[in-house]
Amino acid sequence: MTTNAELYSRRIAAIPKGVVNGLQVFAARAENAEIWDIEGRRYIDFAAGIAVCNTGHRHPKVVAAVEAQLKAFSHTAFQVMPYEGYIALAERLNAIAPIAAPTKTIFFNTGAEAVENAVKIARAATGRTGIIAFSGAFHGRTLMTTALTGKVVPYKKRFGTLPAEIWRVPFPVAQYGVTVEDSLKMLDSILRTDADPDQVAAILIEPVQGEGGFHIAPPELLRAIRKVCDEHGILLIADEVQTGFARTGKMFAMQHSRVEPDLMTMAKALGGGFPISGVVGRAEIMDTVDGGGLGSTYGGAPLSCAAALAVLDVIEAEDLVARAAEIGERLRSRFTQWSQRNDLQPVTNIRGLGAMNAFDLPDAATVKTVIGKAFEGGLIQISCGVFGETLRFLPPLTISDALIDEGLDVLEGALVR
Ligand code: PMP
């Protein structure tokens, strides 16, 4: 039998260190909210492949849909010979996008690709090139999305000159001493001192920052940004790559504020484990790019479209929007108990929207230690935050209460000082 140690040494020899692994054990199989490694050890999954498996690992309906598609065909390239699954998925997303006007949707493969293309569409629609983004934002690792990402180490360091005409507003985070008022003052200042509004194609924002630390964009910030956009003909792009598809207790996180974006990016949970991303937006904006200007060989691949249609069915049939809210309450009530104990590492800044939850520990080193101990106890747990000080919780929305509690018991043990 191959061991984890053997595979790890092969991984070190064969794969560059630029891509890191949270764990040094290797997946053998997974079922809903549990994963088993190649040595047969079982783990509770509080990461869901970074907010991808909202419908759990291998949901039977997703597996059945993909198997059926696989028996028919796996690839033709939508740009060569199109197929119904792509259209059906676009229709479903057009119907549920948090945009009241008529919408259109196009598919890609990764979150970064969706953001790249949202920027291209915004540029074509406005005839402007600039983008305003936020500190602590994460939008991907391609060159443009690296530039849009608001954190230097490890994302930008040593990658040289990045695309220009990107301006950055501090994201309001109470513990960093940044208020909504500060953010809006900076936005106003940028539009006076750095960029004429006529140069700005879009303002790009995550309704809840993901990698940046699970900080929630206050509704008053989103409303004020919408107003600035409307005043100056700037488009509002919501990056819902991590927040989308029931994670926050709404289908899309923008629905909490009822602020409508012009364009919205989505990926991760859409495919339920199969790679697919997309941009949905107001039809007249989406149609400003000339034929051939958008696309991708694998974008909206048949297996991924089949999976995504099943994911949308499962979210609806199992009411995962409501379940996300319940999961969030269960997690946060336990975090609150922990925050009142002095035998545990100090649990602070508890926050969350639906099943997208986090709290801070004193520093990145403590977070690392706790994640390591939780792993020894059989729990997969991940971090985030500009300083790596945050533990984030992204369990599948199909997880049982019993498994949540079992995972939290493991974590509680890991938090003991
Ligand atoms: N945007 C957001 C908000 C994300 O959380 C991520 C991934 N963590 C991305 C974009 C990039 O997605 P991908 O890794 O699929 O390129």
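For this chain, numbers begin at 1 and follow the sequence in order. Below, each value reflects all heavy atoms present in this structure, side chains not excepted, and no hydrogens, waters or symmetry copies. Note that this is a predicted model, so its numbers are computed, not measured.
Within the 3.5 Å criterion, the main-chain N or O of Glu206 finds no donor-acceptor partner in the side chain of Asp239. At distances below 3.5 Å, at least one donor-acceptor pair connects side-chain atoms of Arg128 with backbone N or O atoms of Val200. When atom types are taken as modelled, the side chain of Asn109 and the backbone of Ser277 share no donor-acceptor pair closer than 3.5 angstrom. Looking at Glu31, its side chain never comes within 3.5 Å of a backbone N or O of His59 through a donor-acceptor pair. One N or O on the side chain of Asn54 and one on the backbone of Phe245 form a donor-acceptor pair closer than 3.5 Å. Side-chain atoms of Ser257 never come within 3.5 Å of backbone atoms of Leu222 as a donor-acceptor pair (strictly under, hydrogens ignored). Under the 3.5 Å distance criterion, the side-chain polar atoms of Thr146 are matched with a main-chain donor or acceptor of Arg141. Formation of a donor-acceptor pair under 3.5 Å by the His256 side chain with backbone atoms of Thr248 is found in this model. In this structure, Glu39 contributes its side chain and Asn4 its backbone to a donor-acceptor pair below 3.5 Å. Side-chain atoms of Gln199 do not come within 3.5 Å of backbone N or O of Thr129 as any donor-acceptor pair.
A distance of 14.0 Å separates NZ of Lys104 from CD1 of Ile99, quoted to the nearest 0.5 Å. Note that the CZ atom of Phe375 and the CD1 atom of Ile380 stand 8.0 Å from one another [nearest 0.5 Å]. Atom CD1 in Ile285 sits 5.0 Å away from atom CG in Leu263 (nearest 0.5 Å). In this structure, Asn94 CG and Thr105 OG1 are separated by 3.5 Å, a value rounded to the nearest 0.5 Å. Considering CG of Leu394 and CD of Gln381, their distance stands at 9.0 Å, rounded to 0.5 Å. Atom CG of residue Asp45 and atom CD1 of residue Ile35 lie 4.0 Å apart, to the nearest 0.5 angstrom.
Applying the ring pair (Phe, Tyr, Trp, His ring centres under 6.0 Å) definition to pairs two or more places apart or across chains, those involving residues 310-348 are Phe335-Trp338, Phe335-Phe359, Phe335-Phe393. Residue pairs satisfying the side chain to side chain donor-acceptor pair (under 3.5 Å) criterion with at least one member in residues 387-397, sequence neighbours excluded, are listed as follows: Tyr176-Glu389, Glu211-Arg392, Gln242-Arg392, Arg351-Thr390, Asp360-Thr390.
Aromatic ring centroids of Phe138 and Tyr155 lie under 6.0 Å apart.
Taking the ring axis of Phe214 as reference, the NZ or CZ atom of Arg247 does not stay both within 45° of it and closer than 6.0 Å to the ring centre. In this structure, Arg29 satisfies the cation-pi test against Trp36, with its NZ or CZ atom closer than 6.0 Å to the six-membered ring centre and inside 45 degrees of the ring normal.
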inquiry  = Test salt bridge (charged side-chain N to carboxylate O under 4.0 Å, His left out) on Arg168 and Asp194; report intermediate values, then the result.
reply    = CA-CA 10 Å; Arg168 198 166 302 286; Asp194 292 313; over 6 Å; no
task = Evaluate the criterion side chain to side chain contact (heavy atoms under 4.5 Å, CB included) for residue pair Val370 and Leu361; output intermediate values, then yes/no.
result = CA-CA 9 Å; Val370 169; Leu361 290 171; 3.9 Å; yes
key: Trace of the side chain to side chain contact (heavy atoms under 4.5 Å, CB included) decision for Ile203 with Val169   = CA-CA 10 Å; Ile203 299 179; Val169 172; over 6 Å; no
ask   = Where do Arg92 and Asp313 land on the side chain to side chain contact (heavy atoms under 4.5 Å, CB included) test, with the steps shown first?
value = CA-CA 10 Å; Arg92 286 279 288 272; Asp313 287 344; 2.9 Å; yes
task = Assess whether side chain to side chain contact (heavy atoms under 4.5 Å, CB included) is satisfied between Leu221 and Ser183, documenting all intermediate values.
result = CA-CA 8 Å; Leu221 175 76; Ser183 300; 3.9 Å; yes
key: Residue pair Lys368, Asp363: steps toward the salt bridge (charged side-chain N to carboxylate O under 4.0 Å, His left out) verdict   = CA-CA 9 Å; Lys368 233 177 151 179; Asp363 49 36; over 6 Å; no
request  = Dump the intermediate steps for salt bridge (charged side-chain N to carboxylate O under 4.0 Å, His left out) on Glu316 and Lys61, then the final yes or no.
outcome  = CA-CA 12 Å; Glu316 217 176 283; Lys61 285 189 182 163; over 6 Å; no
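Note on Arg417 versus Asp343: no salt bridge recorded, every NZ/NE/NH1/NH2 to OD/OE distance being 4.0 Å or above. For Arg323 and Glu318, the salt-bridge test fails: no basic side-chain N is under 4.0 Å from an acidic carboxylate O. Under the 4.0 Å criterion applied to side-chain N and carboxylate O atoms, Arg341 and Glu412 are assigned as salt-bridge partners. Using a cut-off of 4.0 Å between Lys/Arg side-chain N and Asp/Glu carboxylate O, Glu284 and Arg282 are scored as salt-bridged.
More than 12 heavy atoms of other residues, nucleotides or ligands sit less than 6.0 Å from atom CZ of Arg42. Residue Lys373 qualifies as enclosed at atom NZ: its count of foreign heavy atoms under 6.0 Å is above 12. Annotation for Gln340: atom CD counts as buried by contact number, over 12 foreign heavy atoms lying within 6.0 Å. Annotation for Arg10: atom CZ does not count as buried by contact number, only 12 or fewer foreign heavy atoms lying within 6.0 Å. In the displayed structure, Arg58 atom CZ is contacted under 6.0 Å by at most 12 heavy atoms of other residues, nucleotides or ligands. Residue Phe26 places its CZ atom among more than 12 non-hydrogen atoms of other residues, nucleotides or ligands, all under 6.0 Å distant.
Val289 has its side chain out of reach of Lys120: every pair of non-hydrogen atoms, C-beta onward, lies at least 4.5 Å apart. Residues Leu403 and Glu34 form a side-chain contact, since some pair of their non-hydrogen atoms from C-beta on lies under 4.5 Å apart. Asn32 places none of its side-chain heavy atoms less than 4.5 Å from the side chain of Ile399. You'll find the side chain of Val25 stays beyond 4.5 Å of the side chain of Tyr8, heavy atoms only. Contact of the Leu344 side chain with the Val416 side chain is registered, since non-hydrogen atoms from C-beta on lie closer than 4.5 Å. Under the 4.5 Å side-chain criterion, counting only non-hydrogen atoms from C-beta, Val259 is not in contact with Ile225. Leu148 has its side chain within reach of Leu204: a pair of non-hydrogen atoms, C-beta onward, lies under 4.5 Å apart. Proximity of Asp401 to Arg330: side-chain heavy atoms (C-beta onward) are separated by under 4.5 Å at one or more points.
Applying the ring-ring contact (aromatic ring centres under 6.0 Å, His included) criterion to Tyr83, with sequence neighbours excluded, gives Phe73, Phe78.
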